[in-house]
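Whatever order the structure lists ligands and atoms in, that order sets their numbers, starting from 1.
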Amino acid sequence: MNTVIVGAQWGDEGKGKIIDILAQDADYIIRYQGGSNAGHTVVVDGKEYIFHLIPSGILHRNKICVIGNGVVVDPQVLLGEINDLKSKGVYINNKQLRISQNCHVIFPYHRILDKLRESKRTFKIGTTGRGIGPCYADKIARCGIRMIDLLNPSVFKIKLKDNLKEKNEIFKKVYAYGGFSFEKIYRDYLKMTDRLSKYICDTVVLINEAARLKKSLLFEGAQGTFLDIDFGTYPYVTSSSATAGGACIGSGLPPLKIDKVIGVVKAYTTRVGEGPFPTEFSKSFGDFIRNQGREFGATTGRPRRCGWFDSVLARQAVLVNGISELAITKLDVLDTLKTIKVCTGYKYRGKIFRSFPYDADVLTKNKPVYEEFSGWLKTTSHIRSYKQLPVNTKKYLSRLQDLLRAKITMVSVGSRREETIFA
Ligand code: GDP
Ligand code: IMO
Ligand code: MG
């Protein structure tokens with residue numbers, strides 16, 4: 001069974017936790033897009049792990065974790081992550097971690113350009129500053145440098161020289177920024193390549209051979225549907241295909257080999273960074289939920305914006321990704337609320353939009369239409385079976401299921417592995 005896990009909102013839905021659980025029954029766990037802008041949290045035996053590039057299945061010892069060709073890799077972050085894991089007693093060898101030779105590489109000029117571009121924009125995106133956008137831009141402009149290029153110093157030399165020739169001019173003339181030394185980058189990256197080369201391989205062959213042998217592949221989406229470059233709230237998006245289709249492009253597994261797509265949604269909504277957010281809470285209520293849900297970015301530590309569950313948004317995610325099953329996370333965060341609202345439409349100039357509008361004016365100026373639910377006012381974190389959930393919780397979940405037209409198969413009631421209900 002080959003399954004894609006995608007975020008159905010604006011990222012941080014709790015994908016890391018869900019991947020860690022589903023990884024128990026998988027043979028391969030594959031990241032297919034994004035880069036170290038992702039922060040996926042897994043909590044096991046009281047220890048918290050935050051993964052940026054390494055697939056969240058790595059804590060299971062006998063699994064193969066793959067960084068697919070669609071991922072942009074910052075070697076410094078990756079080596080840091082391998083070291084951090086070592087300090088927590090998790091040792092990674094080259095059987096457990098494989099990196100595609102076709103991954104594009106993030107360089108210091110990508111990180112700097114990311115920040116400089118943000119500083120010049122009138123309408124800021126609020127990027128993570130990890131160089132993601134500029135690296136994907138180079139990939140599409142066909143001047144990017146891939147892992148396989150790092151393995152061949154003479155090829156790497158020519159490509160890096162070409163890049164710096166053009167980029168240093170731009171840095172100086174457009175951004176009044178000093179520029180980058182070829183020698184330093186060349187030396188630093190060759191050093192890091194020495195440590196990473198044992199993980200680099202042809203992952204397309206690896207993955208397809210695994211599929212032929214009927215191994216179970218689990219694809220770990222990063223970001224979320226509304227940060228997707230095509231289906232998100234453009235331009236307030238990331239630069240990759242975060243939706244399920246990205247799993248094929250970013251790994252080399254053909255589309256007909258995907259069996260199932262599971263969408264991960266929070267029981268409410270959050271967003272970090274700028275951009276429209278129709279169901280966003282008022283400041284004081286937002287502060288309250290942020291504290292309840294500890295809604296601070298796993299990568300940047302920024303406070304996340306919080307709002308009610310938006311079924312217009314999530315329904316579009318079901319459509320675009322072909323989601324048949326849902327994992328609802330952070331249900332426990334709503335435990336103390338007397339009333340809970342769900343958005344079922346956007347009212348704009350007398351018209352109610354029930355399907356997701358991409359018009360920026362509608363997205364920013366609409367008045368959400370809400371259905372109200374009585375809260376359950378009971379703690380849920382200790383509950384382990386769907387039946388035992390309070391009646392009002394079941395009413396809430398049942399309505400979400402109807403609105404989204406997908407089946408809830410997992411409910412998460414806490415950050416720990418065991419705080420999970422299989423419906
Ligand atoms: P991801 O990017 O989708 O993997 O999500 P993040 O790791 O960025 O953010 C999710 C946060 O919520 C993490 O701190 C998780 O430990 C935490 N979390 C996940 N599921 C639950 C849950 O059901 N309840 C609570 N209270 N926290 C959760
Ligand atoms: P995970 O995988 C939430 C957001 C940034 C910004 C926009 C563009 O943990 O869910 P980028 O650095 O990618 O160019 O930033 O996308 N963003 C995320 N928000 N979760 C993420 O990843 C995100 N990755 C990027 O905040 O608004
Ligand atoms: Mg995250």
Side-chain angles (χ1 to χ4, degrees), residues 5-21 31 33-44 47-53 55-56 71-72 74 106 110-111 113-115 117-118 124-137 220-229 232-240 242 263-268 270-277 289-305 327-335 379-381 383 410-421:
I5 308 295
V6 283
Q9 293 156 322
W10 276 294
D12 301 329
E13 295 91 348
K15 299 176 293 295
K17 170 179 167 167
I18 300 299
I19 291 280
D20 168 66
I21 291 171
R31 272 281 306 268
Q33 45 70 233
S36 48
N37 48 351
H40 297 176
T41 315
V42 176
V43 182
V44 181
K47 270 196 212 162
E48 186 181 80
Y49 302 84
I50 298 176
F51 299 108
H52 300 291
L53 282 164
S56 303
V71 176
V72 288
D74 186 328
I106 293 188
H110 292 131
R111 288 192 296 259
L113 187 57
D114 194 357
K115 289 175 187 144
R117 267 198 192 141
E118 271 286 274
K124 313 230 178 281
I125 297 171
T127 73
T128 59
R130 300 295 165 106
I132 306 297
C135 185
Y136 277 115
E220 175 173 359
Q223 288 80 52
T225 302
F226 294 90
L227 290 172
D228 180 279
I229 186 75
T233 44
Y234 192 91
Y236 303 97
V237 294
T238 190
S239 302
S240 66
V264 186
V265 281
K266 267 181 198 168
Y268 48 102
T270 64
R271 162 160 222 177
V272 55
E274 304 303 320
F277 186 170
I289 294 292
R290 182 175 312 112
N291 284 331
Q292 291 286 112
R294 296 211 266 135
E295 294 293 359
F296 295 90
T299 296
T300 57
R302 288 178 294 175
R304 293 175 183 148
R305 298 156 66 192
I328 309 264
T329 62
K330 305 197 86 158
L331 187 70
D332 54 298
V333 175
L334 305 182
D335 284 353
T379 31
T380 51
S381 282
I383 296 177
M410 289 171 87
V411 179
S412 172
V413 288
S415 55
R416 293 185 296 138
R417 233 184 220 172
E418 51 281 18
E419 289 169 325
T420 312
I421 297 166

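For Lys17, there are no salt bridge (Lys or Arg N to Asp or Glu O under 4.0 Å) partners at least two apart in sequence or on another chain.
Nearest heavy atoms, Lys15 versus Val6: CD-C, 4.3 Å.
Not a single donor-acceptor pair under 3.5 Å links the side chain of Gln292 to the backbone N or O of Asp332. The backbone N or O of Gly7 sits less than 3.5 Å from a side-chain atom of Thr225, completing a donor-acceptor pair. Of the possible polar contacts, one joining the Arg31 side chain to the Gly35 backbone as a donor-acceptor pair under 3.5 Å is found. With hydrogens and angles disregarded, no donor-acceptor distance shorter than 3.5 Å links the side chain of Glu13 to the backbone of Gly224. The main-chain N or O of Gly34 is found under 3.5 Å from a side-chain atom of Tyr136 such that the two form a donor-acceptor pair.
Using modelled atom types and a 3.5 Å distance limit, the side chains of Arg117 and Thr127 yield no donor-acceptor pair.
Protein residues with a heavy atom under 4.0 Å from ligand 1 are Asp12, Glu13, Gly14, Lys15, Gly16, Lys17, Gly39, His40, Thr41, Ala298, Arg304, Lys330, Asp332, Val333, Ser412, Val413, Gly414, Ser415. Contact residues of ligand 2 (protein heavy atom closer than 4.0 angstrom to a ligand atom; sorted by chain and number): Trp10, Gly11, Asp12, Lys15, Asn37, Ala38, Gly39, His40, Ile125, Gly126, Thr127, Thr128, Ala222, Gln223, Leu227, Val237, Thr238, Val272, Gly273, Arg302.
Around the Mg ion (ligand 3), the protein atoms of type N, O or S that sit closer than 2.8 Å are Asp12 OD1, Gly39 O.
By the 4.5 Å heavy-atom criterion applied to side chains, Ile383 and Ile421 are counted as neighbours.
Note on Arg130 versus Asp74: no salt bridge recorded, every NZ/NE/NH1/NH2 to OD/OE distance being 4.0 Å or above.
Test Val42, Ile5, Ile50, Ile18 against Ser56 for side-chain contact (heavy atoms from CB on, under 4.5 Å) and you get one pass: Val42.
Surrounding CZ of Arg302 are more than 12 heavy atoms belonging to other residues, nucleotides or ligands, all under 6.0 Å away. For Phe296, the CZ atom counts as densely surrounded, since its 6.0 Å shell holds more than 12 non-hydrogen atoms of other residues, nucleotides or ligands.
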